[in-house]
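A quick write-up on the structure given underneath.
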Amino acid sequence: MHAIDPGALMGPLWTLLSYVALGWLAARRLAVDPRPIATLLIYLVAPLTFFRGLVQGGPTPTYLLLTLAAFAVASLLALLVHRLTRGTFAPQESALLAFSAGTGNTGYFGLPVALVLLPPEGVTLYLFCVLGITLYEFTVGFYLSARGQFSVAESLAKIVRLPLVYAFLAALVVSGLGIDVPAAAMQGLAVFPATYTLLGMMIIGMTLGRVSIREVDARFIGACVAIRCVLWPLLALGAVLLLQAVAPLSPELAMAMLLLGVVPMAANVVVVAMELGIAPAKGAQAVLVTTLAAPLLIPFYLTLMIRLAAL
């Protein structure tokens, strides 16, 4: 494979940043409260988006194994970061760091990039990995975030009320039993992925619209950047090299795994922080920094990793 063209990433980047700018204007000029939007995303838009993606993808045991592996890796990494940071950061900051450690902007930013860089089979493999990370966000990740503010019982109660878990199970039942979802229903659900992206990125801008320069926390942002821009690329490259050493690994799956490791921080960091009330402003600052760095870092990282993995 050849070097990655930074120009191919500029379209997705500017689109996402324009959504952030719209959110900033909405907060500054219209005094829009982002908290109801975060609740809407978590309890309605995300589950329907997730259900549609899983049903449309036609899950097979191989694809679901990718989903399970991505979920396990994200959960273990989040638990590790939570254990390492809870003694050096405040409880809410530690919880937010742990949540962000297990995820990335694999959907809003990563999917448009995957469509540019990967063939159709590679995009499908990438999407089922993304499903595992999304499932982490609204189960283990949500629990760890809630623990920054609530007790164990209260945190578990919040997870039980999350509809995304039930959307995942419903999609598996529908696919497993071969039930055909009416075309009109699937067409109606088609609006939700774009809505998910738009509102998710706007929330970052809305949150930043309430933050002054004096509230910037360089230590917290530095920790987030180190996890997302150093630890994740190393982890993705190490996983590809390890799998290549023990079994044949298709170039499409290897590239999908590498892309998971180089996307910026997830916008859902801000969505979940807003819903639970755990330092959403700090999360928004860190997400914006990694998103702005993405068009420079992604081509550099991917070109280097492709060479090291001999793809």
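We number each residue from 1, following the sequence as shown. Below, all heavy atoms of this structure are taken into account, side chains as well, without hydrogens, waters or symmetry copies.
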*Please report the C-alpha distance between N268 and N105 in whole Å, then the side-chain angles of each, then the deciding distance to 0.1 Å, and finally whether the side chain to side chain contact (heavy atoms under 4.5 Å, CB included) criterion is met.*
CA-CA 8 Å; N268 280 346; N105 203 336; over 6 Å; no

_Intermediate values then yes/no, side chain to side chain contact (heavy atoms under 4.5 Å, CB included), T207 and M274_ = CA-CA 9 Å; T207 307; M274 183 69 65; 3.2 Å; yes

_Show, in sequence, the C-alpha distance, side-chain angles and deciding distance for Y19 and L199, and conclude whether the side chain to side chain contact (heavy atoms under 4.5 Å, CB included) test is met._
CA-CA 8 Å; Y19 295 161; L199 294 181; over 6 Å; no

*Going through the distances and angles, do V160 and Y166 end up as a side chain to side chain contact (heavy atoms under 4.5 Å, CB included)?*
CA-CA 9 Å; V160 170; Y166 304 110; 3.7 Å; yes

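Hydrophobic cluster membership is shared by L156 and F99, with clusters built from Ile, Leu, Val, Met, Phe, Trp and Tyr side chains linked at under 4.5 angstrom. Hydrophobic cluster membership is shared by V20 and L292, with clusters built from Ile, Leu, Val, Met, Phe, Trp and Tyr side chains linked at under 4.5 angstrom. Neither L131 nor L68 shares a network with the other; the hydrophobic side chains, linked directly or stepwise wherever heavy atoms of I, L, V, M, F, W or Y lie under 4.5 Å apart, form separate groups for each. Both V269 and V272 belong to a common hydrophobic cluster when Ile, Leu, Val, Met, Phe, Trp and Tyr are linked at side-chain heavy-atom distances under 4.5 angstrom. W14 and I204 fall within a single hydrophobic cluster, where Ile, Leu, Val, Met, Phe, Trp and Tyr are joined by side-chain heavy atoms under 4.5 Å apart, directly or via other members.
Looking at every heavy atom in both residues, V123 comes nearest to A114 through CG2-O, 3.7 Å. In terms of heavy atoms, M206 sits closest to P34 at SD-CB, 3.7 Å. When all heavy atoms of S250 and L125 are compared, the pair lying nearest together is OG-CD1, 4.4 Å. Listed here is the closest heavy atom pair of V263 and R228: O-NE, 2.9 Å. A78 and A101 make their closest contact through CA-CB, 4.4 Å (heavy atoms, listed as atom of the first residue, atom of the second, distance). Taking every heavy atom of both residues into account, I133 and T106 meet most closely at CD1-CG2, 4.0 Å.
For the pair L297 and V262, the minimum side-chain heavy-atom distance is 4.5 Å or more. Taking 4.5 Å as the limit, some side-chain heavy atom of L260 sits within range of a side-chain heavy atom of V130. L243 has its side chain within reach of M257: a pair of non-hydrogen atoms, C-beta onward, lies under 4.5 Å apart. In this structure the side chain of P91 never reaches within 4.5 angstrom of the side chain of R86, judged on heavy atoms. Taking 4.5 Å as the limit, some side-chain heavy atom of L117 sits within range of a side-chain heavy atom of M255. When side chains are defined from C-beta on, I37 does not count as touching M202, because their heavy atoms never get closer than 4.5 Å. Residues L30 and L25 are not in side-chain contact: their nearest non-hydrogen atoms beyond the backbone lie 4.5 Å or more apart. For the pair L253/Y126, no side-chain contact is recorded, criterion being any heavy-atom separation below 4.5 Å from C-beta on.
Of the inter-residue distances, the one linking F50 atom CZ with F138 atom CZ reads 9.5 Å to the nearest 0.5 angstrom. Between the OG atom of S94 and the CZ atom of R83 there is a distance of 11.5 Å, given to the nearest 0.5 Å. Expressed to the nearest 0.5 Å, how far CG of L41 lies from CG of L164 amounts to 11.5 Å. The structure places CG of L80 at 8.0 Å from CG of L231, a figure rounded to the nearest 0.5 Å. To the nearest 0.5 angstrom, R219 atom CZ is 6.5 Å from E93 atom CD. Between the CG atom of L288 and the CE atom of M201 there is a distance of 8.5 Å, given to the nearest 0.5 Å.
Checked by atom type and distance alone, the side chain of Y301 pairs as donor or acceptor with a backbone atom of C229 at under 3.5 Å. In terms of modelled atom types and a separation under 3.5 Å, the side chain of Q285 and the main chain of K282 share no donor-acceptor contact. Side chain of T88 to main chain of T85: a donor-acceptor pair is present (N/O by atom type, distance under 3.5 Å, no hydrogens or angles). The backbone N or O of F300 lies less than 3.5 Å from no partner atom in the side chain of T303, so there is not a single donor-acceptor pair. Under a 3.5 Å cut-off, the side chain of S100 and the backbone N or O of L97 do form a donor-acceptor pair. Q244 places a side-chain N or O within donor-acceptor distance of the main-chain N or O of A309, the cut-off being under 3.5 Å. With hydrogens and angles disregarded, a donor-acceptor distance shorter than 3.5 Å links the side chain of T67 to the backbone of F128. No donor-acceptor pair under 3.5 Å is formed between the side chain of S75 and the backbone N or O of A72.
Classification of the F89-F220 ring pair by plane angle, with boundaries at 30° and 60°, yields perpendicular.
Of the candidates T49, V191, V271, Y196 forms a side-chain contact (heavy atoms from CB on, under 4.5 Å) with just one, namely T49.
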